[in-house]
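When a ligand or atom number is given, it counts from 1 through the structure's own listing order.
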Amino acid sequence: MNHKFPDRFLWGTAASGPQLEGAGSVGGKAMTVWDYWFLLEPEKFYQKIGPEVTSNFYDQYKEDILLMKDAGFNSFRTSISWARLLPDGKTINEEAVFFYRDVFTSLRENGIEPIVNLYHFDMPYRLYFKGGWENPEVVEEFKEYAQVSFDCFGDLVSRWVTFNEPIVPIEMGYLNDKHLPAVHNMTRAMQAGYYTLLAHVKAVSAFRQSKQQGEIGIILNLTPSYPKSDRDEDKKAANWADVLFNRSFLDPVVLGHYPAEIKELIQNENIDIQYTEKELDLIKNNTVDFLGVNYYQPRRVQASRNEQVDSEKILEKYFQPYEWPKAKMNPHRGWEIYEKGLYDIAINIRDNYFNIPWYVAENGMGVEGEEKFMNESGEVQDNYRIEFMEDHLTWLHKGISEGSNCFGYHVWTFLDNWSWLNEYKNRYGLFRLELETQERVKKKSAYWFKQLAKTNQLPTKW
Ligand code: GAL
C-alpha cells in the first residue's frame with residue numbers, strides 16, 4: 001500500500017522550554033516551580049540532575065536549528081518560558097524577547113514553521129506561591145502573559161498553543177506526587193483543572209480580540225480507554241476514565257461545554273467548585289481552531305471492585321486500571337505500545353468533534369540505556385524507534401484515508417531532553433545528547449525521518 005500523506009503535511013518534532021533551553025537562572029529568567037523543587041528536594045530528581053542546564057538550547061539554538069533542517073523537519077513546536085518573558089509578572093524581559101525572536105526567525109529562515117506553546121508545566125514560582133491554578137488571579141496573569149506573547153511574537157508565529165497536556169499537572173500534582181503541590185485532593189484537583197481551562201479560554205479570547213493573524217489551539221494527551229470486557233460495568237468504568245482524563249478538557253475546548261458526567265460526579269461527591277455562568281459562556285464562545293494530540297499509550301480499564309475507598313482516592317470508585325495480558329510492551333520504558341490507538345483517536349475526532357483540524361503533537365519512544373545500541377561511530381541504531389513511528393503512522397494514515405482531518409505528525413523529540421523527575425533516564429530524541437559534553441549525535445531514526453519528510457510517505461526500505 002502507498003502510504004502517501006496529504007500535501008503540506010507537517011513533519012517535525014516537539015520540545016519545550018523547560019526541557020530544552022537550560023539557562024535556568026540566567027538571561028533574566030525568574031524561578032519556576034521546578035527550579036524551586038530542585039532546590040528543596042534534589043534527591044527526588046533522577047541522578048540529582050536539575051533544570052538549570054538541560055540541553056543548553058539557549059546557547060546552541062543556531063546549530064540545533066541546522067540539525068533540524070538536516071533531519072528534514074518543516075515544523076517544530078516549543079514553548080515560551082513565562083518566567084523568562086515576564087520575570088516579575090509585569091516587566092517584559094528584553095533578553096527573552098531577543099532570544100525567542102531570534103529562535104523563531106532562524107527557524108523560519110531554515111524553512112521550519114515554529115508552533116509556539118505558552119505553558120508546558122512550568123508555573124513561575126512566584127505564582128505557585130500564590131496558589132498556582134487554584135487562584136483566579138493566576139488566570140488573569142496568564143491572560144496578560146498570553147497577550148504580551150502575541151504582541152511580541154505575533155508577526156513570526158502563525159500557530160499558537162495555549163497549554164501542553166493541561167491535565168498532567170492536575171493529575172500528577174493533585175492526585176499524585178510527581179508535580180508540586182504533590183497532594184491527593186479531588187476538590188483541589190477539580191478547581192485547579194477548571195481554572196486551567198479558564199486560563200486557556202481567556203487566552204483564546206485575547207487572541208481573537210487582538211485580531212492576530214493565524215490560529216490558536218491546545219495540545220491534549222488523549223489516552224483512549226479500553227474496557228476489560230463487554231460487561232456493562234467495565235464499559236461504564238471505561239467511560240468514566242474517558243470522561244475524566246480525555247473529555248474533561250476535550251469537550252469544553254472543542255464543543256464549548258463539559259460532559260454531563262462531570263456535573264454528576266461533582267454532585268455525587270459533594271465537590272464544591274467556584275464558577276460563574278459568565279465563565280461558562282466564555283468557554284462556549286471560545287473554542288479552538290485546531291487540536292494537537294499527544295499519544296503514547298492507551299488506558300486499560302475495569303470496573304471498580306471496591307466501593308469503600310478513602311476520600312483521597314475517589315476515582316477508584318469509578319474505575320480501576322487493568323493489565324491486558326496481550327499488551328505489547330516497550331520493555332525499555334514499561335509502557336504499553338498500542339498503535340491502533342492513534343486510529344481510534346482519528347476516528348473519534350472525525351465523528352464526535354466536528355472533524356476539527358488536528359495534528360499528532362507528540363508520539364515517541366523512550367528508551368533507557370540507549371548506549372547499548374550504539375555502533376562504532378557512536379550512532380544509536382534505534383530500529384525500535386523507527387518501527388514505533390512506522391507502525392503508528394500506518395494507523396494514522398488509515399485514519400486520514402477514512403476522512404480524519406489530520407495535518408501533521410510531530411515526534412517527541414528532537415534531542416534527548418530533561419524530563420521532570422526522570423531527567424535523562426529515558427531517551428526520546430532523534431539526536432542523542434552526550435550529557436558530559438553537550439555534543440549532539442545523530443541517531444539512525446533521524447536519517448529515516450528525513451526520508452519520510454522529504455518524500456511525504458513512509459520509506460519502504462531502511
Ligand atoms: C509528555 C510530555 C513531555 C515529555 C513526554 C515524554 O507527556 O508532554 O513533556 O515529558 O511526555 O515523557
Side-chain angles (χ1 to χ4, degrees), residues 12-22 32-34 37-38 44-47 49-51 54-55 57 76-82 115-123 161-173 175-176 178-180 196 200 217-224 245-246 249-250 291-299 329-330 332-338 341-342 345 358-370 382 384-385 388-389 392 409-433 445:
T13 64
S16 77
Q19 294 174 275
L20 193 66
E21 274 172 23
T32 68
V33 72
W34 295 96
W37 201 4
F38 184 67
K44 285 228 151 99
F45 291 64
Y46 183 71
Q47 294 180 338
I49 301 177
T54 68
S55 308
F57 183 73
F76 173 63
R77 187 248 304 188
T78 188
S79 66
I80 296 176
S81 158
W82 189 354
I115 299 184
V116 178
N117 172 30
L118 295 173
Y119 190 85
H120 200 121
F121 312 164
D122 53 343
M123 177 67 72
V161 173
T162 55
F163 282 81
N164 172 77
E165 303 186 346
I167 203 160
V168 166
I170 307 300
E171 182 186 355
M172 295 300 164
L175 304 174
N176 209 313
K178 300 273 191 317
H179 285 212
L180 287 180
T196 305
H200 153 79
I218 191 168
I219 292 174
L220 304 180
N221 50 315
L222 298 183
T223 41
F245 287 105
N246 299 322
F249 277 94
L250 180 58
L291 199 63
V293 174
N294 296 351
Y295 176 66
Y296 290 91
Q297 54 177 340
R299 195 183 291 274
M329 300 301 287
N330 166 358
H332 319 283
R333 177 73 176 86
W335 279 0
E336 181 182 346
I337 300 179
Y338 187 65
L342 205 46
I345 290 171
W358 70 285
Y359 82 114
V360 178
E362 285 181 30
N363 176 235
M365 189 173 180
V367 173
E368 196 178 344
E370 262 200 326
D382 51 350
Y384 41 85
R385 182 166 290 112
F388 180 98
M389 291 189 279
H392 281 84
Y409 175 88
H410 277 188
V411 57
W412 185 271
T413 179
F414 155 56
L415 173 68
D416 293 339
N417 65 15
W418 185 87
S419 213
W420 322 113
L421 295 183
N422 274 340
E423 323 329 333
Y424 287 91
K425 183 163 176 251
N426 305 303
R427 303 298 188 108
Y428 282 85
L430 300 189
F431 288 80
R432 179 174 169 84
L433 179 79
S445 53

Indicate the ring-plane relationship of Phe121 and Trp420, choosing parallel, tilted or perpendicular according to the 30° and 60° boundaries.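 Aromatic pair Phe121/Trp420 classed tilted.
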
Describe, in one word, how the ring planes of Trp335 and Tyr296 are oriented to each other, choosing from parallel (under 30°), tilted (30 to 60°) and perpendicular (over 60°).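 The rings of Trp335 and Tyr296 stand perpendicular, inter-plane angle above 60°.
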
Which heavy atom of Tyr295 sits nearest a heavy atom of Pro224, and at what distance? CE1-CD, 3.7 Å

Considering all heavy atoms of both residues, which atom of Ser79 and which atom of Gly17 are nearest to each other, and what is their separation?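 Looks like OG-N, 2.8 Å.
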
Determine, stepwise, if the pair Ser419 / Gln19 fulfils side-chain contact (heavy atoms from CB on, under 4.5 Å). CA-CA 6 Å; Ser419 213; Gln19 294 174 275; 3.6 Å; yes

Please enumerate all residues that pass side chain to side chain donor-acceptor pair (under 3.5 Å) together with Asn164, with sequence neighbours excluded.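 With neighbours one apart ignored, the set is Arg77, His120, Asn294.
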
List, pair by pair, the atoms of ligand 1 and of the protein that are both N or O and lie under 3.5 Å apart, giving the separation rounded to 0.1 Å.
{"from": "ligand 1", "atom 1": "7 (O)", "to": "Glu165", "atom 2": "OE1", "distance (Å)": "2.7"}
{"from": "ligand 1", "atom 1": "7 (O)", "to": "Glu165", "atom 2": "OE2", "distance (Å)": "2.8"}
{"from": "ligand 1", "atom 1": "8 (O)", "to": "His120", "atom 2": "NE2", "distance (Å)": "3.4"}
{"from": "ligand 1", "atom 1": "8 (O)", "to": "Asn164", "atom 2": "ND2", "distance (Å)": "3.0"}
{"from": "ligand 1", "atom 1": "8 (O)", "to": "Glu165", "atom 2": "OE1", "distance (Å)": "3.3"}
{"from": "ligand 1", "atom 1": "8 (O)", "to": "Glu165", "atom 2": "OE2", "distance (Å)": "3.3"}
{"from": "ligand 1", "atom 1": "8 (O)", "to": "Glu362", "atom 2": "OE1", "distance (Å)": "3.2"}
{"from": "ligand 1", "atom 1": "8 (O)", "to": "Glu362", "atom 2": "OE2", "distance (Å)": "3.0"}
{"from": "ligand 1", "atom 1": "9 (O)", "to": "Gln19", "atom 2": "OE1", "distance (Å)": "2.9"}
{"from": "ligand 1", "atom 1": "9 (O)", "to": "Gln19", "atom 2": "NE2", "distance (Å)": "3.4"}
{"from": "ligand 1", "atom 1": "9 (O)", "to": "His120", "atom 2": "NE2", "distance (Å)": "2.8"}
{"from": "ligand 1", "atom 1": "9 (O)", "to": "Trp420", "atom 2": "NE1", "distance (Å)": "3.3"}
{"from": "ligand 1", "atom 1": "10 (O)", "to": "Gln19", "atom 2": "NE2", "distance (Å)": "3.4"}
{"from": "ligand 1", "atom 1": "10 (O)", "to": "Ser419", "atom 2": "OG", "distance (Å)": "3.1"}
{"from": "ligand 1", "atom 1": "10 (O)", "to": "Trp420", "atom 2": "NE1", "distance (Å)": "3.2"}
{"from": "ligand 1", "atom 1": "12 (O)", "to": "Tyr428", "atom 2": "OH", "distance (Å)": "3.4"}

